[in-house]
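Everything on this sheet refers to the single structure shown next.
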Amino acid sequence: MSVVVRFPPSPTGFLHIGSARTALFNWLYAKHTGGTFLLRVEDTDRERSTPESVATILEGMQWLGFDWDNTTDPKNNGKTYYSQFEHRERHAEVARQMVANGTAYYCYASTQELDAMRAEQKAKGLPQRYDGRWRDRPASEAPADVKPVVRLKAPLTGETVVDDKVMGRITVQNSQLDDMVLLRGDGTPTYMLAVVVDDHDMGVTHVIRGDDHMTNTFRQVQIYRAMGWDVPVYAHLPMILGPDGAKLSKRHGAPAVSDYRDKGYLPEAIRNYLLRLCWSHGDDELISTEQAVAWFDFDGIGKSPARFDFVKLAHVNAHYIGLADNERLADLAAPFLKEALGRDLTAAERDVLIRALPDIKPRVQTVREIAEATLFYFHRLPLHEKAQKLLTPEAKAHLRDLAERLKALPDFTAEAIEGAFRAYAEEKALKLGGVAQPLRAALTGSNVSPPIFTAAALLGRAEVLGRVQAVVEG
RNA sequence: GUCCCCUUCGUCUAGAGGCCUAGGACAUUACCCUUUCACGGUAGUAACACGGGUUCGAAUCCCGUAGGGGACGCCA
């Protein structure tokens with residue numbers, strides 16, 4: 001039987017980076033097995049499920065390159081994804097079937113009544129669970145003014161066992177589980193019911209999700225059993241924690257996938273980094289997506305939670321920047337440069353950027369840093385304090401002499417410029433750095449830059465002479 | 001509080017009873033390369049949570065303890 005997996009985000013306003021990891025593992029497993037990857041938006045919470053928040057999820061998925069297979073499924077009613085909300089009637093129907101076959105029942109307890117029950121349980125130090133007060137009570141005793149909920153008639157004895165592909169065999173005593181609500185008083189389904197019905201209707205064979213769902217799994221398995229449906233294979237992934245070991249949240253700086261794009265990370269780097277959280281393949285670290293598809297399987301997944309390490313992510317990102325096409329990087333850096341420059345790059349400037357990239361790539365870790373490192377090509381920057389110190393009176397005198405030689409160069413290439421500087425340094429018994437550093441200061445305003453002779457060639461003779469003159473006279 | 005799960009360098013991890021003097025990667029330290037900064041190269045510091053078993057032999061199996069995470073909603 002072919003594998004069917006799904007990723008079921010709820011539209012909370014952004015795609016969480018932890019959810020992205022779950023999406024990645026599902027997507028990889030589908031690709032690895034030649035199976036199907038479905039997207040289902042869990043939009044039953046009408047407050048949060050705005051068109052914008054759904055669009056954000058879709059954008060995040062597309063940016064990461066996680067293409068799903070049900071974009072044109074008839075079950076979507078014209079949408080590019082399965083909307084849980086649209087199937088609420090089907091969910092309610094299943095709840096009614098369960099009442100009919102005796103695996104669920106109506107409960108007329110009011111919210112206040114249940115709050116009081118839980119408060120009492122808590123005060124006595126007892127586990128907080130529904131006590132089954134309507135489980136066997138006849139409908140004739142139902143109060144007229146309460147709209148009942150439908151609850152699962154869960155088994156009271158025995159145990160529920162799940163053979164998890166990551167965690168192994170996990171067991172819970174049924175006495176620990178109460179009769180959960182399946183259908184609310186207003187007739188809408190709860191998450192527990194909706195998930196099971198949708199997964200069954202969509203033919204999901206493998207449920208790969210965060211282990212925060214572990215206890216939900218036992219309850220969902222009971223629903224499958226009550227309906228006589230096949231239970232899917234489960235794989236619960238350990239959580240991703242923040243650097244401090246607490247649940248990854250806004251507090252840690254970047255909870256949303258879009259934050260990473262805005263900080264200048266590449267989607268392939270995010271994929272590689274996320275893959276290595278809780279999953280491994282021997283000593284392999286830098287793993288292409290193609291390789292990941294070939295290698296990914298459940299046996300590589302670890303059981304313990306992982307902390308998110310921004311420093312290592314940056315390293316992985318640097319690796320993929322090194323691999324990336326220069327034109328692509330130039331286009332990705334353009335918005336950042338526009339932000340700094342207050343204008344768009346001209347076609348000629350874009351060309352300079354592309355030609356500068358081979359020198360820039362090994363020096364940056366993010367696309368944003370590409371913009372920072374290349375800003376001087378397009379704009380004269382103020383002299384940094386450390387650059388100022390390099391421009392001693394002697395250094396300025398050398399630059400004045402060198403400017404004359406640069407004017408006389410037949411070709412203004414990096415090799416020619418370097419030749420001129422080396423010859424001059426030798427004549428004056430100086431180290432190359434003694435003349436190269438002042439040039440760097442003059443051209444970039446900084447004591448740190450990409451190799452200065454290639455930078456000078458890219459800048460062009462007129463601009464170089466202009467910048468040198470500005471500091472020599474300044 | 002009850003239940004479920006987890007525990008190897010600071011971090012991500014390799015490790016399926018002898019291959020372990022515990023390996024790799026990031027970070028970190030030193031050196032080399034070098035026009036600066038990077039990249040790259042070489043070397044170094046650094047971990048089996050603790051306590052009991054089982055075994056000729058345990059990071060690996062079992063049991064406790066401690067610590068961490070998650071779940072206990074008419075949220076998803």
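What you see is a predicted model; the values in this text were computed from it and never measured.
Residue order along RNA chain B, read from the 5' end via each residue's closest nucleotide, puts Ser280(A) first among Asp212(A) and Ser280(A). Nearest-nucleotide mapping onto RNA chain B: of Glu418(A) and Thr111(A), the residue sitting toward the 5' end is Glu418(A).
rU60(B) and rU13(B): their C1' atoms are spaced 16 Å apart (whole Å). Taking atom C1' on both rA38(B) and rC32(B), the two are 15 Å apart, rounded to the nearest angstrom. Spacing of C1' atoms, rA59(B) relative to rA16(B), comes out at 12 Å, to the nearest Å. Straight-line distance between the C1' atoms of rC26(B) and rC9(B): roughly 12 Å, to the nearest whole Å. Comparing rG1(B) with rG17(B), their P atoms are spaced 38 Å from each other, to the whole Å. The C1' atoms of rC5(B) and rU42(B) are separated by 43 Å, rounded to the nearest whole Å. Only the P atoms considered, rC48(B) is 15 Å distant from rC12(B), to the nearest whole Å. Comparing the C1' positions of rG10(B) and rA46(B) gives a spacing of 9 Å, expressed to the nearest Å.
In terms of the side chain to side chain donor-acceptor pair (under 3.5 Å) criterion, residue partners of Arg133(A) (sequence neighbours excluded) are, by chain and number, Glu113(A), Asp131(A). By the salt bridge (charged side-chain N to carboxylate O under 4.0 Å, His left out) test, Arg467(A) pairs with Glu463(A), sequence neighbours left out.
Under the side-chain contact (heavy atoms from CB on, under 4.5 Å) rule, Thr171(A) has a single partner from Asp163(A), Thr160(A), Val161(A), which is Val161(A). A side-chain contact (heavy atoms from CB on, under 4.5 Å) with Tyr377(A) holds for exactly one of Leu337(A), Leu458(A), Leu353(A); it is Leu458(A). Paired with Phe412(A) under the rule side-chain contact (heavy atoms from CB on, under 4.5 Å), one option of Leu465(A), Leu459(A), Leu406(A) passes, and it is Leu406(A).
Closest of all the heavy-atom pairs between Ala330(A) and Leu357(A) is N-CD2, 4.0 Å.
Residue Arg118(A) has a polar side-chain atom (N or O) positioned under 4.0 Å from OP1 or OP2 of rC74(B). Phosphate contact (OP1/OP2 of rA76(B), side-chain N/O of Arg184(A), threshold under 4.0 Å): present.
The listed nucleotides are rC5(B), rC37(B), rU2(B); the one nearest the side chain of Arg363(A) is rC37(B).
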Between protein and nucleotides 30-34 of chain B, what N or O pairs are separated by less than 3.5 Å?
none

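Aromatic ring pairs are classed by plane angle as parallel below 30°, tilted from 30° to 60° and perpendicular above 60°; the pair Phe310(A) and Tyr260(A) is parallel. Using a 30° and 60° split on the angle between ring planes, Phe296(A) and Phe298(A) fall in the perpendicular class, above 60°. Trp295(A) and His281(A) have parallel rings, their planes meeting at less than 30° on a 0 to 90° scale where 60° marks the start of perpendicular. Classification of the His87(A)-His91(A) ring pair by plane angle, with boundaries at 30° and 60°, yields tilted.
Across all strands shown, rC72(B) forms a Watson-Crick or G-U wobble pair, both distances under 3.5 Å, with rG1(B). Using Watson-Crick or G-U wobble geometry with both donor-acceptor distances under 3.5 Å, rU35(B) finds no partner in any strand shown. In this entry rA30(B) has rU42(B) as its Watson-Crick or G-U wobble partner, both defining distances falling under 3.5 Å. Base pairing annotation: rG18(B) forms a Watson-Crick or G-U wobble pair with rC56(B), both donor-acceptor distances under 3.5 Å. Across every strand in view, rG64(B) sits in a pair with rC50(B) that passes the Watson-Crick or G-U test at under 3.5 angstrom. Across every strand in view, rA25(B) sits in a pair with rU11(B) that passes the Watson-Crick or G-U test at under 3.5 angstrom.
Heavy atoms of Cys107(A) sit nowhere under 4.0 angstrom from any nucleic acid atom. Ala109(A) comes within 4.0 angstrom of a nucleotide base, judged by non-hydrogen atoms across all strands. Nucleic acid contact class of Thr12(A) (heavy atoms, under 4.0 Å, all strands): none. Nucleic acid contact class of Val149(A) (heavy atoms, under 4.0 Å, all strands): base. Contacts of Asn216(A) with the nucleic acid, taken as non-hydrogen atoms under 4.0 Å apart, include base atoms.
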Margin query: Each nucleotide in nucleotides 19-29 of chain B should get exactly one letter: B, S or -. Can you fill that in based on protein heavy atoms under 4.0 Å?
Written below: ----BBBSS--
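The stretch residues 434-452 of chain A comes close to RNA chain B through Ala436(A), Gln437(A), Arg440(A), Asn447(A), Val448(A), Ser449(A), Pro450(A), Pro451(A), Ile452(A), each having a heavy atom under 4.0 Å from the strand.
Heavy atoms from other residues, nucleotides or ligands lying under 6.0 Å from CD of Glu427(A) number more than 12. Heavy-atom contacts from other residues, nucleotides or ligands closer than 6.0 Å to CD of Glu426(A) number 12 or fewer.
A heavy-atom distance below 4.5 Å is not found between the side chains of Met180(A) and Thr190(A).
Note: CZ (Arg209(A)) to P (rC5(B)) measures 16 Å, nearest angstrom. Rounded to whole Å, the distance from CG on Leu402(A) to P on rU35(B) is 16 Å. In this structure, the CD atom of Gln173(A) is 17 Å from the C1' atom of rC72(B), given to the nearest Å. The distance from atom CG of Asp178(A) to atom P of rA71(B) is 16 Å, rounded to the nearest whole Å. Atom CZ of Phe421(A) and atom P of rU35(B) are 14 Å apart (whole Å). Rounded to a whole Å, the CD1 atom of Ile321(A) is 13 Å from the C1' atom of rC39(B). For Lys122(A) and rC72(B), the NZ to P distance is 13 Å, given to the nearest whole Å. Per the geometry, CG belonging to Leu193(A) stands 13 Å off P belonging to rC74(B), to the nearest Å.
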Kindly list each side-chain donor-acceptor pair under 3.5 angstrom involving residues 9-16 of chain A, sequence neighbours excluded, with atom names and distances?
residue  : atom : partner   : partner atom : Å
Thr12(A) : OG1  : Phe14(A)  : O            : 3.3
His16(A) : ND1  : Gly18(A)  : N            : 2.8
His16(A) : NE2  : Leu248(A) : O            : 3.4

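Arg129(A) contributes no side-chain N or O that forms a donor-acceptor pair with the base of rC72(B) under 3.5 Å.
Remark: Arg151(A) is positioned above the aromatic ring of Tyr130(A), its terminal NZ or CZ atom under 6.0 angstrom from the ring centre and at most 45 degrees off the axis.
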